[in-house]
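Reading through the structure tokens given below for one structure.
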4 protein chains.
Amino acid sequence: MSVNKVILVGNVGKDPEVRHLDSGVAVANFPLATSESYTAKNGERVTTTEWHNIVLWRGLADVAEKYVTKGRQLYIEGRIRTRSYDDKDGNKRYITEIYGDSMQMLGTKADNQGGGTQSSQASQQASTPTFNEPEIEEPAGDDDLPF
Amino acid sequence: MSVNKVILVGNVGKDPEVRHLDSGVAVANFPLATSESYTAKNGERVTTTEWHNIVLWRGLADVAEKYVTKGRQLYIEGRIRTRSYDDKDGNKRYITEIYGDSMQMLGTKADNQGGGTQSSQASQQASTPTFNEPEIEEPAGDDDLPF
Amino acid sequence: MSVNKVILVGNVGKDPEVRHLDSGVAVANFPLATSESYTAKNGERVTTTEWHNIVLWRGLADVAEKYVTKGRQLYIEGRIRTRSYDDKDGNKRYITEIYGDSMQMLGTKADNQGGGTQSSQASQQASTPTFNEPEIEEPAGDDDLPF
Amino acid sequence: MSVNKVILVGNVGKDPEVRHLDSGVAVANFPLATSESYTAKNGERVTTTEWHNIVLWRGLADVAEKYVTKGRQLYIEGRIRTRSYDDKDGNKRYITEIYGDSMQMLGTKADNQGGGTQSSQASQQASTPTFNEPEIEEPAGDDDLPF
DNA sequence: TTTT
DNA sequence: TTTT
């Protein structure tokens with residue numbers, strides 16, 4: 001029917017917060033910054049930063065919990081989702097989030113080690129793999145398309 | 001530094017509103033719907049619709065004014081931008097918009113004519129061209145890269 | 001590790017050819033045209049067409065067999081794959097193909113009916129759904145979705 | 001009319017070769033590797049590498065000449081272009097290339113310095129900016145297109 | 001507020 | 001070999 005796709009390369013603003021729903025499903029939240037620079041009319045170089053609310057589910061949330069840390073450069077592919085909630089005064093408010101379907105750690109080991117040891121299995125792998133969210137609509141054995 | 005890219009294919013919810021700033025710059029706003037379907041646990045087919053606030057500037061706003069109409073299927077490539085404003089009670093609120101950098105009319109003439117005549121120059125062209133926003137950072141003669 | 005992503009909106013050049021491997025896996029092949037227009041120095045409008053070799057596997061190949069026809073406007077998301085083969089003179093040759101991971105029929109019913117009847121279940125539905133390739137690496141069984 | 005978009009994140013295979021056409025236009029060529037890993041039926045982890053022929057024009061070619069080096073991780077956004085040429089036996093052959101419209105250096109300074117000094121103006125800045133190709137359709141003076 |  |  002349609003396409004709702006977001007591609008971001010940016011830097012993590014804070015370590016992820018990871019919650020576990022009653023169902024056991026993990027959800028991770030963290031801000032990701034992208035920035036744009038342009039030269040204003042007066043010749044000055046201006047940089048603006050955009051903050052994206054990243055939401056990751058299940059396996060990707062687990063990955064985030066293990067490998068995503070403040071400052072890290074990430075590639076995120078996902079979709080836009082705006083949801084409403086009631087604020088403390090009972091007013092309806094909206095928040096737009098990016099549900100990540102795929103994530104990449106960017107940069108090489110050097111960037112991503114902090115104090116970690118080079119031989120750490122985790123930190124070594126953190127610099128490489130792509131992580132994909134299995135698509136929710138596609139059950140195992142999806143050959144019997146419902147349309 | 002980073003990438004902030006959105007790709008949408010969806011349907012226009014309302015005819016665009018086009019304003020002209022004091023500077024003469026045109027701005028168009030309209031909602032675009034994307035929808036997602038999946039099969040719930042109980043086997044029911046569920047469709048959710050996401051509404052995107054599209055903002056187009058300058059030439060793209062002019063194009064929107066001429067060719068974009070309610071119901072039309074569009075391809076939009078752009079970037080996410082969240083801005084704040086004060087609501088009527090003086091509270092700070094946020095709205096996330098998609099600034100379009102490129103736009104495509106999708107479908108063929110048949111879709112896009114309504115009651116219009118086939119020979120109408122406008123409706124005929126409406127079904128084809130791609131429109132690109134010249135990049136604001138890139139003035140004429142951009143060879144003197146600032147780095 | 002990396003990202004290899006292609007997004008195409010174009011027109012199908014020929015009806016798909018669908019083969020079934022010994023394993024039973026279906027594979028569909030068809031050409032997709034994208035075109036670009038620009039104004040040449042002499043003021044003439046020039047259009048160039050690019051042909052993409054689309055390859056779809058399994059469920060997407062089945063969908064292509066049923067719904068994709070010459071002339072149809074499609075959205076394809078996938079990845080680039082170059083493979084080598086030996087031509088009839090024993091020379092190694094290369095061909096670049098687009099492996100589709102997701103496909104969209106674009107336009108509305110009007111476009112996609114040809115001479116077909118409006119009540120045809122198939123052609124009517126053909127104008128809407130998104131089809132996704134389940135990712136091969138992702139095992140079965142992550143069904144406890146929280147939404 | 002259509003969309004022909006490629007998004008790559010990968011590693012540069014060789015230092016760019018930069019040529020200057022008679023018109024003075026710069027062209028850079030280099031290979032970029034993306035890799036995919038998946039678990040085969042037998043449980044083994046398999047990695048396949050895809051090589052992309054990157055072509056950059058004008059300002060982007062200049063940037064490539066200065067900052068792009070073997071091993072570097074890059075984000076490239078562009079389009080697919082297949083062209084034919086005659087091989088040494090007079091046979092027509094095809095090659096598919098990625099014309100880059102936008103490029104990002106990924107990773108942080110640490111990755112990209114090799115033995116270089118941190119204070120090097122070039123290498124320091126190399127880790128950040130986005131570079132965009134002014135769109136060819138857009139007049140304002142970059143008219144001597146080689147194609 | 002769209003589309004199927 | 002498509003589409004406008």
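Numbered from 1 within each chain, the chains take letters A, B, ... in sequence-line order. Computed over heavy atoms, backbone and side chain alike; hydrogens, waters and symmetry mates excluded.
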- Query: Can you check the B:Glu36 CD to E:dT3 P distance for me, whole Å?
  - Reply: 19 Å
- Task: Would you check if B:Trp51 stacks with the base of E:dT2, given a 5.5 Å centroid limit and a 30° plane limit, both strict?
- Result: no
- Message: At 4.0 Å (heavy atoms only), tell me whether C:Thr34 reaches a base, stays on the sugar-phosphate, or touches nothing.
- Response: nothing
- CG-OG distance between D:Asn4 and C:Ser35, expressed to the nearest 0.5 angstrom: 10.0 Å
- Task: Answer yes or no: does atom CG of B:Asn42 have more than 12 heavy-atom neighbours from other residues, nucleotides or ligands under 6.0 Å?
- Result: yes
- Given atom CD1 of C:Ile98 and atom P of F:dT2, what is their separation to the nearest angstrom? 20 Å
- Item | Spacing between B:Leu8 atom CG and E:dT1 atom P, to the nearest angstrom | 21 Å
- Side-chain donor-acceptor pair under 3.5 Å between D:Ser102 and D:Asn132, yes or no? yes
- Message: Would you compute the distance between atom CD1 of A:Ile54 and atom CG of A:Leu8 and round it to the nearest 0.5 angstrom?
- Response: 5.5 Å
- Item | Which nucleotide in F:dT3, E:dT1, E:dT3 has an atom nearest any side-chain atom of B:Pro31 | E:dT1
- What nucleic acid atoms does B:Lys70 come within less than 4.0 Å of, heavy atoms only: base, sugar-phosphate, or nothing? sugar-phosphate
- Could you tell me the separation between the NE2 atom of B:His52 and the P atom of E:dT2, rounded to a whole number of Å? 15 Å
- Find the distance C:Arg72:CZ to F:dT4:C1' and express it as a whole number of Å. 18 Å
- Task: Measure the distance from OH on B:Tyr75 to P on E:dT3 and round it to the nearest whole Å.
- Result: 22 Å
- Note on the structure: Atom CG of C:Asp15 and atom P of F:dT1 are separated, to the nearest Å, by 13 Å
- Item | Nearest listed nucleotide, side chain of B:Lys14, among F:dT3, E:dT2, E:dT1 | E:dT1
- What integer distance in Å separates B:Leu106:CG from F:dT3:P? 16 Å
